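On a predicted model such as this, the values are computed, not experimentally measured, just so you know. Just so it is clear: chains get the letters A, B, ... in the order the sequence lines come, proteins before strands, and each one is counted from 1.
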2 protein chains.
Amino acid sequence: MKLDPRHLEILAAIVEAGGLTEGAALLGKSQPSVSRSVSLLEDRIGEPLFLPTRRPLQPTELGLALAQEGQRILDAGRHASRLVNDYRQGLAGAVRVAGTPIFMDGVISSVIAEFQAEHPNIRIDQSYGYPAELLSKISNETLDVAILPIRPADVSEEYEFRQILPGRNVIACRVGHPLARKKEVRLEDITEYSWIAPPANSPLFRDLRNTLDGIGVRELKISFTGGSLSAVLNVMTGSDSLTVLPFSVVFMMQRQNTLTSLPIKIGDPDRHLGCVTLRDRTMSASSGRFLGFVERKFELLDRLICKA
Amino acid sequence: MKLDPRHLEILAAIVEAGGLTEGAALLGKSQPSVSRSVSLLEDRIGEPLFLPTRRPLQPTELGLALAQEGQRILDAGRHASRLVNDYRQGLAGAVRVAGTPIFMDGVISSVIAEFQAEHPNIRIDQSYGYPAELLSKISNETLDVAILPIRPADVSEEYEFRQILPGRNVIACRVGHPLARKKEVRLEDITEYSWIAPPANSPLFRDLRNTLDGIGVRELKISFTGGSLSAVLNVMTGSDSLTVLPFSVVFMMQRQNTLTSLPIKIGDPDRHLGCVTLRDRTMSASSGRFLGFVERKFELLDRLICKA
DNA sequence: GATCAATATAACCTTGAGTTATGAAGCTCG
DNA sequence: CGAGCTTCATAACTCAAGGTTATATTGATC
């Protein structure tokens with residue numbers, strides 16, 4: 001026979017509170033209400049739940065056993081309520097975030113780490129991708145936030161774009177690189193070293209080509225191409241190779257004293273770094289919280305970078 | 001916010017069954033009913049529980065988390081239902097049973113052991129007492145079954161009495177007692193040995209006096225008095241003392257080859273052994289089951305005793 | 001036995017869960 | 001890509017039952 005879980009909850013409250021009136025108060029209901037509910041339950045199961053004519057209301061064996069189950073139901077219910085509250089306030093949930101590999105690994109990952117320290121109940125599902133595919137994932141709602149270098153004008157009305165950093169690339173090399181010691185680096189200096197190229201379909205690769213075109217370099221020795229940031233880093237620190245990287249990435253790496261940038265001016269890309277979300281859809285509270293966190297962190301980072 | 005536990009149950013069923021229709025079937029409800037319940041729950045918590053427009057219905061993060069709580073509620077409910085069924089069929093519960101010490105320890109305890117082997121979920125609350133007090137405990141419902149030697153005529157209409165053994169006392173001694181070897185024991189033989197007397201307020205003590213009066217014995221050496229059956233047994237087996245015991249107790253002890261009875265005829269008491277319960281009150285199913293078990297076991301025992 | 005507190009009952013209203021019938025929207029597959 | 005099937009949502013209605021306040025009843029207590 002199926003029992004109404006609410007009846008078991010009421011029973012548990014009465015047993016716990018030690019009386020019908022107190023139990024009703026505990027549940028925030030009126031005394032007659034719980035009285036009748038108990039009667040109904042007793043009628044259904046055909047067994048008494050409380051000893052008759054005992055004023056400090058005393059449960060029967062069965063009453064006590066069922067009250068324990070009721071307690072478990074109450075616990076589960078309370079837990080569920082907490083879950084709901086957490087979700088509504090964005091203190092729990094999941095955020096699906098994606099971005100371009102180099103930038104994700106170089107800058108965003110540490111921001112995510114900070115975020116998770118603050119919000120252990122929010123799960124971050126991180127993935128990598130390039131602008132076109134990420135935008136389509138935003139569209140079909142398999143992604144909540146994309147962090148991309150993009151031309152603001154290229155973002156259609158469907159999306160919402162919040163810039164977090166201006167686009168700025170530099171030529172990077174290992175700390176201790178021969179060129180890094182120089183006061184000024186000339187064009188012909190950099191052509192002497194071999195270069196690392198980012199994956200061919202990445203925006204960074206286009207930036208590299210544009211940059212080199214911009215400063216009049218036609219031919220380069222490409223010693224390494226593709227790979228993740230950590231692969232690039234390993235090659236960089238183990239050789240005198242050069243590459244183009246977002247300044248923010250190099251800035252973060254300077255903290256670990258692994259990379260630095262050459263004192264040579266190259267043109268800034270017209271792409272800016274920002275978060276893309278769907279415009280009309282009401283974002284989940286946890287996504288909103290994540291977004292706000294990222295914006296705050298990058299505001300700080302931007303100021304640090306400007307001072308540097 | 002308080003959630004309706006039934007909603008969480010429904011959610012759990014849907015997630016488990018993998019669809020709204022299947023979930024409804026699992027719960028034995030109609031599909032529109034659960035559909036509306038889910039909508040209501042979603043409205044209450046203000047968050048979607050299922051991803052929109054995905055046909056193999058897929059729960060959201062929150063939906064999945066709440067479904068887990070729902071599963072716990074379902075489990076508790078099922079457990080509660082099982083409890084109720086067991087109680088109603090007398091397969092679980094508690095029976096408060098009491099009786100006179102010697103008889104309880106000598107005969108009933110082994111019957112209780114057998115009963116518990118068959119019904120591990122029924123708790124036996126055993127206690128000791130003499131007829132008057134036990135009957136009053138039956139009256140005020142602090143006792144379910146009393147097992148007593150009593151004159152059937154003394155049992156008032158308030159109670160129900162089921163005889164399980166006819167009253168029959170014997171003079172008992174240890175196995176290997178000098179008198180036990182004799183074909184026939186005469187009156188003067190038994191007065192030579194010291195005697196063990198049961199507690200002064202027990203029916204057995206009155207039986208002892210009546211018996212000795214009946215066979216014309218006036219004076220006896222009382223070497224030991226009071227104590228439980230095990231105390232009496234220890235004294236008996238370690239000495240040549242005699243005492244009066246119910247034959248059924250001696251019969252059980254014969255199995256362990258500790259006690260035996262003397263071949264001397266003594267008058268049977270007019271008390272008979274039986275179970276006393278309250279007449280009008282509907283007994284708990286477990287008490288009924290226990291009562292039936294005791295009656296069956298004693299029917300067997302009675303036949304064994306008669307053959308002996 | 002009078003008094004007080006706790007529980008049960010009564011009368012009423014409202015919610016919501018149950019139903020069947022039916023509409024709308026995805027998926028599947030030729 | 002549209003027909004057809006399946007699955008979910010909506011509508012309209014009934015009714016069980018939980019919520020309320022007011023009041024009666026019953027144990028406990030002194």
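Here the P atom of nucleotide D/dG27 and the CD atom of A/Gln58 are 16 Å apart, to the nearest Å. Per the geometry, CG belonging to B/Leu40 stands 12 Å off P belonging to C/dT15, to the nearest Å. For A/Leu57 and D/dG27, the CG to P distance is 13 Å, given to the nearest whole Å. Whole-Å rounding puts the A/Leu27 CG to D/dG19 C1' distance at 13 Å. Nucleotide C/dA8 holds its C1' atom 14 Å from the CZ atom of A/Phe50, rounded to whole Å. Remark: P of C/dT15 and CG of A/Asp4 are 19 Å apart, rounded to the nearest angstrom. The interatomic distance linking B/Asp43 (CG) with C/dG16 (C1') rounds to 13 Å, in whole Å.
For the 3.5 Å distance criterion, the side chains of B/Tyr128 and B/Gln126 qualify, holding a donor opposite an acceptor. One side chain, B/Ser287 or B/Ser284, offers a donor N or O that lies under 3.5 Å from an acceptor on the other.
Comparing atom distances between the B/Ser37 side chain and each of D/dG18, C/dT9, C/dA17 picks out C/dA17 as nearest. Of the listed nucleotides (D/dT10, D/dT21, C/dG18), D/dT10 has the atom at the smallest distance from the side chain of B/Pro32. Taking every side-chain heavy atom of B/Arg44 into account, C/dG16 is the closest of D/dA17, C/dA21, C/dG16. Comparing C/dA17, C/dT7, D/dT7 by their nearest atom to the side chain of B/Thr21 picks out D/dT7. Comparing C/dA8, C/dA17, D/dT20 by their closest approach to the side chain of A/Lys29 singles out D/dT20.
A donor N or O paired with an acceptor N or O is found under 3.5 Å between the base of C/dA8 and the side-chain atoms of A/Gln31. The base of D/dG19 is paired with the side chain of A/Arg36 by a donor and an acceptor separated by under 3.5 Å.
Considering every non-hydrogen atom in both B/Ile73 and A/Pro5, the closest pair reads CG2-CB, 4.1 Å.
In terms of position along DNA chain C, the nucleotide closest to A/Glu22 lies nearer the 5' end than the nucleotide closest to the other residue of the pair A/Glu22 and A/Arg6.
At a threshold of 4.0 angstrom between heavy atoms, the contacts of A/Ser30 include nucleobase atoms, whether or not backbone atoms are also involved.
The existence of a salt bridge linking B/Arg123 and B/Asp125 is confirmed by a sub-4.0 Å separation between a basic side-chain nitrogen and an acidic carboxylate oxygen.
We find the CD1-OG distance between B/Ile10 and B/Ser35 to be 10.5 Å, quoted to the nearest 0.5 Å.
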